[in-house]
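Letters A, B, ... mirror the listed sequences (proteins, then strands); counts begin at 1. As the structure is a prediction and not an experimental result, all values here were calculated from the model.
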Amino acid sequence: MDIQRAGFRGRHDSRTNDSAHEDRACARPIRRYRMAPRDRQPPRQGRAVRHHGNARRGPGQHQKAGRADHDRLIAGGRGCGSYLDCMTIRTRFAPSPTGYLHIGGVRTALFNWLLTRRLGGQFILRIDDTDAERNRPEALQPILEGFRWLGIAWDEGPEVGGPHAPYFQSQRKDLYVAAALRLLDEGKAYPCYATKEELDADRKAAERAKRNYVHRGRHRTTPAAECRRLYDAQPTVLRLKVPEGRTIVVDDLIAGKVEVQSDLVGDPVILRADGRALYNFATVVDDVAMKITHVIRAKEHLSNTPVQVLIYEALDYSVPRFAHVPVVNAPKSKEKLSKRKMKQFMTDDIVARLRAAHAVPAEWTDEQIKNSEDLNPATVAFYRTLGYLPAALVNYFGRLGWSLDDKTEVMPLETMIANFSLERVNNAPASFDPDKLLWMAGEYMKQLPLEDKVEGLLPFLRRAGLIGADVDANLRNKVRKVALACGERLRVFSDVYLYASFLFRDPVYDAKAFDQRINKEGMRDHLRTFAQVLASVTPFEPDAIENALKQYCEGKPVKLGDVNHALRVATTGVMIGPSVFDCLAILGKEETLRRIDAALARPG
RNA sequence: GCCCCCAUCGUCUAGCGGCCUAGGACAUAGCCCUCUCAAGGCUAAGACAGGGGUUCGAGUCCCCUUGGGGGCACCA
């Protein structure tokens, strides 16, 4: 068993006989595919060349098969043809330092990470900052912080280092130049002096003729030594010689088998005149140098992959396994998730919470907050700021495009790790659903131990100025009671603003609620007299208060609910919140009476 | 224009030819519970894009159409 199939259990295993198995164990992936057992079956009528990669397994037996694969993989080192066959699985996520962590990227990174956790490999974080303009050091921190907060730890990469450092492409230029010059000397690359204008003209001509535009440079056929001499005399861009008449096969773990004719692929530039590498080239050089076994990345890279395969081949490198994850779409949409598309989720309530949490400068207008780059709902920071539990995000994004079985939604991380496999990743885009994420957040909040909830609540209360910096035992106890009183109303920490602000500051009276509940025939009198009853309630605890109210209403032509509502509005200012009795107990007798007096003092 | 890919309730998904009268979850609606708001319980509504094949039998395999996405860079 070889590592390259590690993430792809199931179909092949069940149909492969032993000899075919051995055959494939040491072959390069690209060759291996042609020998895949499926292709040797007698073709069914009308069978197409391509077949789907999203083969499925029944939940039961294949999970065991997966473990078996894993065990053999870790134990055995037989028949190694290249590092790809021998080593443990190595995956990478390679973001550009853009200043924020995009949730689509998190999902992709998560899949990479999960697979390495299951199979005992390494997850590498590499920074693709070849684009000089976008290379701002401070733009990296939000990305690292985002991953740390989510608990997605990288085994190698920025700040942790590793045997293949540096992990910044901007610091690896020499490698790319050396590799490109090697291809030049070997006659696999050539200098191209065509100007942009010439290329554009060619492209337009091709378009007019309804042909696919395929660039083939003048020096394709120039001998290698001459090419080198030309290049040394006058450095320019280097292009890879794309072989003619080839079928390039990408055997993708998620997308299935994808074939592209090399005659449709133009000779790609691999190195600019100034020596900076292009993405396709740098990626291949780095993935090889970092011994990446599984390239798991977003689907939009699928069409780059044939070019990369050619680069691997030209460089004489083994091709890793590819898995192209479908993109994440915007909510209820077929379009890719983008910041622009997520702006609509910056509701007034969200803006209020961000203000309360002092997550934005106080002088910002609502419009400015809604346009904030860093706190857009497409970023991880947004959810962190609003008090979503990171485990809920991980669970949600793990389930977006991947499923454990036919019903499991909420699952511990260990379960996800133990069962994650690429073959159960859907080969179709999935839309992000903020409602379901919020529900998931609530599920995790329910499970959170009380003390952790208190601990999580404190910073939110502090930032909003509802409590001070010092938290003594008394205050802590109060927050504990608040957490208990809020119960399952809390789905995210910032919900505390909605349900309990008034337990930490004076009520802000909602005019409508006040009018409806207090300015009601006889209600002020009830409040006044019930306040006197409350004054003698001991202990001032929820049960005792409730009993007092029941007794008070007994035999009177007033409904308990009505007095209760008036009591709520008088003491909290609003119509929503935890049980009134809990609220009063938390406020304490003195404060409760003070608030009732204050409410009664207000003009009708 | 050319190339590649995708398609089950509004959304996330189960489904690898008979177990499907298509299952679960979020959201929605109704009822119950209830001091408000949530939560919870019960119930309802809701999908195989269309058309051809293959097969005794197709959501499942094949083809076409339609719709969607991605790419065709000296961006990543």
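Closest-nucleotide positions on RNA chain B for R107(A) and D435(A) were compared, and the one nearer the 5' end corresponds to R107(A). Between S579(A) and A428(A), the residue anchored nearer the 5' end of RNA chain B, judged by the nucleotide with its closest heavy atom, is A428(A).
Heavy atoms of R297(A) sit nowhere under 4.0 angstrom from any nucleic acid atom. Nucleic acid contact class of F432(A) (heavy atoms, under 4.0 Å, all strands): none. Counting any heavy atom pair closer than 4.0 Å across all strands shown, P578(A) reaches a base atom. The residue G401(A) sits close only to the backbone: its heavy atoms come under 4.0 Å of sugar-phosphate atoms, none of a base. R203(A) comes within 4.0 angstrom of the backbone, heavy atoms only, and of no base. At the heavy-atom level, Y213(A) lies under 4.0 Å from the strands shown only through sugar-phosphate atoms. Y396(A) comes within contact range of no nucleotide atom at all, as no heavy-atom separation falls under 4.0 Å. Looking at heavy-atom distances under 4.0 Å, V269(A) makes contact with sugar-phosphate atoms alone, never a base. When heavy atoms are screened at a 4.0 angstrom cut-off, G487(A) is found touching no nucleic acid atom at all. Contact annotation for A194(A): base contact, defined as any heavy-atom pair under 4.0 Å involving a base atom. Heavy atoms of K436(A) sit under 4.0 angstrom from at least one base atom.
Across the P atoms, rC48(B) and rC35(B) are found 44 Å apart, a figure rounded to whole Å. Taking atom C1' in both rG46(B) and rC5(B), one finds a spacing of 29 Å when rounded to whole Å. Taking atom C1' on both rC19(B) and rC2(B), the two are 46 Å apart, rounded to the nearest angstrom. As rounded to the nearest Å, rG52(B) and rG10(B) have P atoms that lie 24 Å from one another. On the P atoms, rA45(B) is 25 Å away from rU13(B), given to the nearest whole Å. A gap of 14 Å separates the C1' atoms of rA47(B) and rG24(B), to the nearest Å. A distance of about 14 Å separates the P atoms of rC37(B) and rC32(B), rounded to the whole Å. Annotation: rC6(B) and rA49(B) have their C1' atoms spaced 13 Å apart (nearest Å).
A 6.0 Å sphere centred on NZ of K556(A) holds more than 12 heavy atoms belonging to other residues, nucleotides or ligands.
A donor N or O paired with an acceptor N or O is found under 3.5 Å between the base of rA76(B) and the side-chain atoms of N304(A). R489(A) contributes a side-chain N or O that forms a donor-acceptor pair with the base of rU36(B) under 3.5 Å.
Contact annotation: R399(A) does not reach the phosphate of rA25(B) (side-chain N/O to OP1 or OP2, under 4.0 Å). Contact annotation: S403(A) reaches the phosphate of rA14(B) (side-chain N/O to OP1 or OP2, under 4.0 Å). In this model, the phosphate group of rA14(B) is approached by a side-chain N or O of N426(A) to a distance below 4.0 Å at OP1 or OP2.
Taking a pair to require two hydrogen-bonding distances under 3.5 Å in either a Watson-Crick or a G-U wobble arrangement, rC72(B) pairs with rG1(B). If you check rC35(B) for Watson-Crick or wobble pairing at under 3.5 angstrom, you find it has no partner at all. Under the Watson-Crick or G-U wobble criterion, with both distances below 3.5 Å, rC26(B) is paired with rG10(B). rG18(B): Watson-Crick or G-U partner is rC56(B), with both key distances under 3.5 Å.
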* Structure fact -> Its contact letters, B for base, S for sugar-phosphate only and - for none at protein heavy atoms under 4.0 Å, make nucleotides 64-70 of chain B read ----SSS
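Y213(A) and H215(A) have tilted rings, their planes meeting at an angle from 30° to 60° on a 0 to 90° scale. Using cut-offs of 30° and 60° for the angle between ring planes, the F420(A) and W402(A) rings count as tilted.
Q308(A) and N280(A) are linked by a side-chain donor-acceptor pair at a separation below 3.5 angstrom, with hydrogens and angles left out of the test.
Taking atom NE2 of residue H324(A) and atom P of nucleotide rG71(B), one finds them 12 Å apart after rounding to whole Å. As a whole-Å value, the separation of F530(A) CZ from rC35(B) C1' is 12 Å. Following rounding to the nearest Å, D202(A) (CG) and rC72(B) (C1') show an atom-to-atom distance of 15 Å. The interatomic distance linking I254(A) (CD1) with rA7(B) (P) rounds to 13 Å, in whole Å. The interatomic distance linking W439(A) (CH2) with rU11(B) (P) rounds to 18 Å, in whole Å. Distance NZ (K332(A)) to P (rC12(B)): 10 Å, rounded to an integer number of Å. Put simply, CE on M411(A) is 12 Å from P on rU13(B), counting in whole angstrom units. Distance K446(A) NZ to rG40(B) C1': 8 Å, rounded to the nearest Å.
Side chain of S262(A) to main chain of P243(A): a donor-acceptor pair is present (N/O by atom type, distance under 3.5 Å, no hydrogens or angles).
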* Passes ring-ring contact (aromatic ring centres under 6.0 Å, His included), Y552(A) versus H526(A)? Steps please. -> CA-CA 9 Å; Y552(A) 174 80; H526(A) 282 302; 5.8 Å; yes
* Step by step, would you call T283(A) with R92(A) a side chain to side chain donor-acceptor pair (under 3.5 Å)? -> CA-CA 11 Å; T283(A) 293; R92(A) 49 62 165 187; 5.0 Å; no
Residues 391-398 of chain A, side-chain donor-acceptor partners within the protein, below 3.5 Å, at least two apart:
unit_1  : atom_1 : unit_2  : atom_2 : d
N395(A) : OD1    : M411(A) : N      : 2.9
N395(A) : OD1    : Y444(A) : OH     : 2.5
N395(A) : ND2    : E409(A) : O      : 2.9
Y396(A) : OH     : D433(A) : N      : 2.8

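Under the 4.0 Å criterion applied to side-chain N and carboxylate O atoms, R126(A) and D128(A) are assigned as salt-bridge partners.
The side chain of Y499(A) lies closest to rA38(B) when the candidates are rA38(B), rU36(B), rU11(B). Considering only side-chain atoms of V258(A), the nucleotide from rU13(B), rC37(B), rC5(B) that sits closest is rC5(B).
The side-chain tip of K341(A) does not point at the ring of F432(A) from less than 6.0 angstrom away and within 45° of straight on.
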